[in-house]
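For ligands, and for the atoms within them, numbers begin at 1 and follow the listed sequence. None of these values were measured; they are calculated from a predicted model.
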Amino acid sequence: MTEAIANIRAEALLRLQAAQDEATLDEINVSVLGRSGALTEILRAMGKLDKEQRAALGQQANAVKKELEAELAARRAALTEKTQELRFAQEALDVTEPGKVTQPLGRLHPMTQTYREIRDALIGMGFTTFEGPEVEYDDYNFTKLNLPQDHPARDMQDTFYVNERVVLRTHTSPCEARALLTVKPPFRLVMPGRVFRVDEVDASHSPVFMQMEGFIVDRDLTLADLKGILLTFIHAVFGEDVKMRFRPSYFPFTEPSAEVDVSCTICGGKGCRACKGTGWLEILGCGVSNPHILENCGIDPKEWKAIAFGVGVDRITSLKYGITDIRLEYENDARFLSQF
Ligand code: DAH
């Protein structure tokens, strides 16, 4: 009998040590300590023994029962802790982990990129930005810029009229008049914005397009200053190898006036279809401001000089990236824009 109890104890302890889950522990509990478990059977059978034997065995069996119950509880606690640790590890959340990108990222429009390159090159030379309205007085868009009512050069720009006195600005040049009227010279300004002209849409025309004006007012300015500033920003946008040339031209707001060409960005100057075989591409208009403009805006042309240039930002963008249809720059097709 004593041996039987010792065996039950030994076996139960082994099984308890080996058990890896709650179900196994339950099973051991039932098969040893349960109502018809091995130890319970022995305790029950003790009734048939004589008094002394019963007392000794009873003590032994109860001690084993207590021991096994305690061991069972300890194993249960250990297992619960282990499963919990495992679950915590599996469910752990790293809140610093970057999320999965499901939305495509946006980017800057190629024209915005080009504009910023030019602007930043100019800011490096002491320029600041200045903006005027898109709906503008005829007076600022034309008259103050040396284009009076009946001036033939008004025909160069097909104008959207809002009423007799108000237009959609046809260029960023009216910002020059606004700057002269409001900013104390000397100053260097870069003036970007949308401009409007009555044009049929085709590969090289859009009724809305983007220009950028440069305007410098100081006591002592020459064409050489203009050339230096233009060459700096042209190199910043097109690279150091590009060449620049001035071609005499006419603008009512400047005297002398020039158009500026760069060596063809496609063929490098040898001559191709893009430059119509000339090796040069026109990129902007510029000049020394006509003294009338300063005068019209209350600035004494004997004391102050001005130089100015106007750039088509879309055109520079086309030349820089080899875009052959201006419509692509205004239609905002994501498939086109995602290339830049
Ligand atoms: N405003 C002119 C245009 O839109 C461009 C231009 C030419 C601007 C000469 C200037 C300039 O400031 O000096 O065609």
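At a heavy-atom cutoff of 4.0 Å, ligand 1 is contacted by the side chain of Phe253 but not by its backbone. Contacts with ligand 1 closer than 4.0 Å are made by heavy atoms of both the backbone and the side chain of Ala308.
Atoms of ligand 1 lying under 4.0 Å from any heavy atom of Phe251, numbered from 1 in the order shown and given with element: 7 (C), 9 (C). Annotation for ligand 1: atoms under 4.0 Å from non-hydrogen atoms of Glu213 are 8 (C), 10 (C), 12 (O). Interface of Gln211 with ligand 1, defined as ligand atoms under 4.0 Å from a residue heavy atom, comprises 3 (C), 4 (O). Atoms of ligand 1 lying under 4.0 Å from at least one heavy atom of Gly287, given by number and element, are 13 (O). In summary, the atoms of ligand 1 found under 4.0 Å from a heavy atom of Ser173, numbered by their order in the structure, are 1 (N), 8 (C).
Checking Thr24 against Asp21 by side-chain atom types alone, a donor-acceptor pair falls below 3.5 Å.
The two atoms that bring Ile283 and Val311 nearest to each other are O-CG1, 4.0 Å, heavy atoms only. Nearest heavy atom pair, residue Val313 against residue Thr317, reads O-OG1, 2.7 Å. Summarising the geometry of Tyr115 relative to Thr129, their closest heavy-atom pair is OH-CG2, 3.7 Å, with the distance given to 0.1 Å.
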Passes ring pair (Phe, Tyr, Trp, His ring centres under 6.0 Å), Phe251 versus His171? Steps please. CA-CA 13 Å; Phe251 295 105; His171 50 181; 9.6 Å; no
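A salt bridge links Arg87 to Glu91: one of the charged nitrogens lies within less than 4.0 Å of a carboxylate oxygen.
Across His171, Glu176, Arg197, heavy-atom proximity to atom 14 (O) of ligand 1 is greatest for Arg197. The residue from Gly312, Pro252, Gly285 that puts a heavy atom closest to atom 9 (C) of ligand 1 is Gly285.
Not one N or O of Thr170 is nearer than 3.5 Å to an N or O of ligand 1, by distance alone.
For Glu52, the CD atom sits in a loose shell: 12 or fewer heavy atoms of surrounding residues, nucleotides or ligands are nearer than 6.0 Å.
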